[in-house]
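In what follows, a single structure is set out as C-alpha cells and then discussed.
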Amino acid sequence: MTLDDVADELYGLDPADFVRVRTERQKQARADGDKALAKDIGALRKPTTVGWVLNVLVRDAEDEVGDLFDLGETLREAQQHLSGATLRTLTKQRQRAVRALATRAAEIAADRGHEVGDDVTREVASSLGAALADPAVADDVRAGRLLGAVEYSGFGPLGLVAVPDTPEDATPPEPSSPPEDDDAAQKKQAAKERKEREEREEARRHAEVELADARTGLDDAESALADATDRRDDARAEVERLREALEQAEEEAAAREHVVDEATAARDAADARVRNATTRLDRM
C-alpha cells in the first residue's frame, strides 16, 4: 500500500466515506509498522463538493475530459496562428464544450446520489475553463485529487482574444460624436453594478475559504478523535489481557498452594512415624 494508492482511492469515494476510509488506511499502515505512511495518510484533506465533483468527473468521463483538454491545446496554438474569425468560432466551441461537460459532471454526481446546485455547476465549469487555459491546471484536474475549485493563475488570457478581421480596402471609421449624457449615465451604472458584482464575488470567495478552513479543522478533529479512540481501545484490550493473565496466575498460585499444603501434611505424617519408630526402638 502506497500513499498514491490511498489518495486515488479516497478522492474517488463518496464524501461521506472519506474520513472513515482514511482512518481505516491509517490503522492498516500502523499495523504494517509504517508510521510515516500513516502520518501522510492522515494529512490527506477531504475535498469540497466542487472538488469531489471534478474528481469523479475525470474518473467516470475520462474520455470526454481528455477530448476537452485536447481542444484546449488546440485553442492555445490557434490563438497565436489563426485569424480573428477562426478564433471566435473556436471560442464558441470551447464555451459549449465546457458547459456540456459541467452539465455531465452534475449528472455523474446525481448518479452517485448527490444532487448539486447551479453554483457548484458554475464553479465546475470555471475550473474546467481554467484547465483549458493552463496545462498545469489541466494536469491537476486529470490527477483527480482536487480539494476544491481551481483557478487560472497564469499571465496569459483565460479566454481567447480575437482581433477582428479587417479587409485591406476598409476605410477608417468616422470619428464618433461625443457621448450623450444618457450614455454616460449608463456607463456609470454599469461600472457600479460591475463593482458590486466583484465585491459579492470577493465576499463569496472569502466565505468559501473560511468554509474550507472549517471543514479542514473538522476533518483534523475527526481524525484525531478516531486516532485517540483507537489508542483507547488498544489500551482497554491490553488491560483486559493483563487482567485475564492475573486471574490465571492467581488460580495457578492457589492450585500450587494446595499442593504445598498436601506435601507439608505428608512430611509431618512421615516425621511422626519416624519419631514413633525411634521411641519403640529405644525401649527395646
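These figures come from a predicted structure and were not determined experimentally.
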Side chains of [X] and [Y]: closer than 4.5 Å at any heavy-atom pair?
X      : Y      : answer
Gln26  : Ile41  : yes
Leu101 : Glu64  : yes
Lys27  : Glu24  : no
Tyr11  : Leu147 : yes

Main-chain N/O of [Y] paired to [X] side chain as donor or acceptor, under 3.5 Å:
X      : Y      : answer
Ser127 : Ala149 : no
Asp34  : Ala29  : no
Arg20  : Phe18  : no
Asp5   : Met1   : no

Distance-minimising heavy-atom pair for [X] and [Y]:
X      : Y      : value
Ala105 : Val53  : CB-CG1, 3.7 Å
Gly144 : Arg59  : O-NH1, 2.8 Å
Ala38  : Arg30  : CB-CG, 3.7 Å
Asp60  : Ile108 : OD2-CG2, 3.3 Å
Leu44  : Arg22  : O-NH1, 2.7 Å
Ala97  : Leu68  : CB-CD1, 3.5 Å

Gap separating the [atom1] atom of [X] from the [atom2] atom of [Y], nearest 0.5 angstrom:
X      : Y      : atom1 : atom2 : value
Glu107 : Asp111 : CD    : CG    : 7.5 Å
Arg104 : Thr121 : CZ    : OG1   : 13.5 Å
Leu13  : Trp52  : CG    : CH2   : 10.5 Å
Leu54  : Leu128 : CG    : CG    : 6.0 Å
Arg280 : Thr278 : CZ    : OG1   : 9.0 Å

Run the side-chain contact (heavy atoms from CB on, under 4.5 Å) test on Leu3 and Leu37 for me, step by step, so that the C-alpha distance in whole Å, both residues' side-chain angles and the decisive distance to 0.1 Å come before the verdict.
CA-CA 7 Å; Leu3 184 62; Leu37 177 58; 4.0 Å; yes
In Val120, Val124, Asp118, the residue satisfying side chain to side chain contact (heavy atoms under 4.5 Å, CB included) with Arg122 is Asp118
Table please: side-chain donor-acceptor pairs of residues 262-269 below 3.5 Å, with sequence neighbours left out.
from, atom 1, to, atom 2, distance (Å)
Glu262, OE2, His258, NE2, 2.7
Thr264, OG1, Val260, O, 2.8

Quiz item: Any salt bridge between Asp4 and Arg145, counting N to O under 4.0 Å?
Solution: yes
Q | Heavy-atom neighbours of Glu62 CD exceed 12 at 6.0 Å | A | no
